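A quick note: this is a predicted structure, and the numbers were derived from the prediction, not measured. We're numbering straight along the sequence, starting at 1.
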Amino acid sequence: MAVLAESGSNPDVGLLYDINGLAKDAPHWFDRVMEFVGEYGLLLAMVLLVLWCWWTVRRRGGEDAASSVAALVWAPLAAGIAVLVNIPIRGFVQRPRPFVEHQGLDVLVSGKTDFSFVSDHATITMALGVGLFVANRRFGIAGICLALLEGFCRVYMGVHYPTDVVGGFALGTAVALLLSPAAMALLTPLTRAVERSPRAGWLVRHRSVAQDGPDGALLPSTRASLENEERDLAA
């Protein structure tokens with residue numbers, strides 16, 4: 001297979017060697033950084049991005065706040081469902097890790113004994129990125145870029161083939177998009193109910209936005225109550 005990689009007859013393996021070869025030429029400290037980023041850092045960054053998007057959505061308020069928060073709830077759920085779907089796929093394909101069948105790879109993470117196709121990290125990050133895109137395009141584009149970087153890191157680390165990563169991207173995207181209509185139909189009424197709750201409403205809409213409109217205008221319910229108070233005082 002190494003001969004095939006050198007001759008270019010197998011693009012998947014050839015690209016694996018090309019990307020992983022960058023790790024051999026990089027300083028040791030840089031490989032350690034890539035190891036942390038590819039294994040934990042980007043997953044943590046995706047979680048923080050989802051929380052940042054939620055904070056922004058609830059402070060902005062607006063009529064679509066409940067549906068946006070519902071989409072943010074769906075993002076991690078989609079990632080979890082995609083990983084569960086990947087379990088039978090891995091068991092059916094049973095593709096060994098690239099360092100098992102190919103020599104000369106610089107493997108940055110040890111202890112990987114499970115199957116390679118498809119990449120869980122690529123699946124999770126892309127599902128989160130696409131789920132974010134459903135909620136907010138600006139944050140979604142940032143999330144998808146992080147997912148693409150995660151895929152590069154997995155190949156750079158020598159623990160996945162490029163097609164493992166592409167398969168993870170496809171699986172995460174498919175689950176997040178295809179199940180999104182049903183998920184939003186279930187989650188949006190729930191978030192609207194939470195929004196109306198006097199105790200838990202802050203999870204969907206900031207307290208100041210709950211009283212004032214997104215542009216500082218009073219909401220109809222608040223305006224009506226003030227008018228009633230003024231009539232009572234006048235009487």
Side-chain angles (χ1 to χ4, degrees), residues 1 5 10-23 34-50 53 71-102 105-135 139-180 183:
M1 295 298 293
N10 191 327
D12 192 24
V13 179
L15 190 58
L16 166 67
Y17 274 96
D18 290 340
I19 296 177
N20 181 255
L22 299 175
M34 290 293 287
E35 175 187 350
F36 175 80
V37 169
E39 194 72 8
Y40 308 107
L42 288 172
L43 291 176
L44 177 59
M46 290 297 299
V47 172
L48 294 177
L49 190 63
V50 171
C53 185
L72 289 174
V73 174
W74 166 238
L77 291 177
I81 293 174
V83 171
L84 292 177
V85 173
N86 188 29
I87 294 176
I89 294 177
R90 280 194 169 192
F92 177 77
V93 178
Q94 294 186 354
R95 186 183 200 182
R97 294 279 182 171
F99 53 79
V100 175
E101 295 187 338
H102 305 288
L105 293 174
D106 190 4
V107 183
L108 303 186
V109 180
S110 60
K112 299 291 183 180
T113 58
D114 55 345
F115 295 118
S116 185
F117 186 89
V118 295
S119 168
D120 279 339
H121 282 72
T123 301
I124 293 172
T125 52
M126 186 56 74
L128 287 171
V130 174
L132 269 173
F133 189 82
V134 174
F139 282 93
I141 291 174
I144 292 173
C145 290
L146 289 179
L148 294 175
L149 179 59
E150 178 68 70
F152 175 83
C153 288
R154 302 308 288 177
V155 180
Y156 180 95
M157 295 159 61
V159 294
H160 281 292
Y161 294 95
T163 48
D164 298 337
V165 170
V166 173
F169 289 162
L171 178 58
T173 301
V175 170
L177 288 183
L178 294 181
L179 299 182
S180 177

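- The minimum heavy-atom distance linking A78 with A176 is given by the pair CB-CA, 4.0 Å.
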| Where do H102 and Y161 land on the side-chain hydrogen bond (donor to acceptor under 3.5 Å, both in side chains) test, with the steps shown first? | CA-CA 11 Å; H102 305 288; Y161 294 95; 2.9 Å; yes

| query | Are F152 and H160 close enough, and set up right, to give a ring-ring contact (aromatic ring centres under 6.0 Å, His included), and what steps lead you there? | reply | CA-CA 10 Å; F152 175 83; H160 281 292; over 10 Å; no

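- No donor-acceptor pair closer than 3.5 Å links the side chain of E39 to the backbone N or O of F36.
- In terms of heavy atoms, V159 sits closest to V109 at CG1-O, 4.2 Å.
- N20 places no side-chain N or O within 3.5 Å of a backbone atom of L105 that could act as its donor or acceptor partner.
- Between the OG1 atom of T125 and the CE atom of M46 there is a distance of 6.0 Å, given to the nearest 0.5 Å.
- Looking at heavy atoms from C-beta onward, R90 lies out of side-chain contact with V118 at the 4.5 angstrom threshold.
- The shortest side-chain heavy-atom distance between R97 and F115 does not fall under the 4.5 Å cut-off.
- H121 places none of its side-chain heavy atoms less than 4.5 Å from the side chain of L42.
- Heavy-atom minimum distance, L16 versus P98: CD2-CB, 3.5 Å.
- Between Y156 and D106 there is no side-chain heavy-atom pair separated by less than 4.5 Å.
- Of the inter-residue distances, the one linking S180 atom OG with F133 atom CZ reads 12.0 Å to the nearest 0.5 angstrom.
- When every heavy atom of A122 is checked against every heavy atom of V165, the shortest pair comes out as CB-O, 3.7 Å.
- F139 pairs by the ring-ring contact (aromatic ring centres under 6.0 Å, His included) definition with W52, not counting sequence neighbours.
- With values rounded to the nearest 0.5 angstrom, D114 atom CG is found 11.0 Å from I87 atom CD1.
- Contacts of E35 classified as side chain to side chain donor-acceptor pair (under 3.5 Å), with partners at least two apart in sequence or in another chain: R32.
- Salt bridge status for R154 with D164: absent, with no side-chain N to carboxylate O gap under 4.0 Å.
- How far CD1 of I19 is from CE of M157: 13.5 Å, rounded to the nearest 0.5 Å.
- Of all heavy-atom pairs between L72 and C53, the closest is CD2-SG, 3.7 Å.
- Distance check, rounded to the nearest 0.5 Å: CD1 of I89 to CG of L84 gives 11.0 Å.
- Using modelled atom types, one finds no donor on one side chain facing an acceptor on the other under 3.5 Å when comparing N86 with T123.
- Atom-to-atom distance recorded for F117:CZ and L171:CG is 8.5 Å, nearest 0.5 angstrom.
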| request: Given side chain to side chain contact (heavy atoms under 4.5 Å, CB included), test W74 with V134 step by step and report yes or no. | output: CA-CA 9 Å; W74 166 238; V134 174; 5.7 Å; no

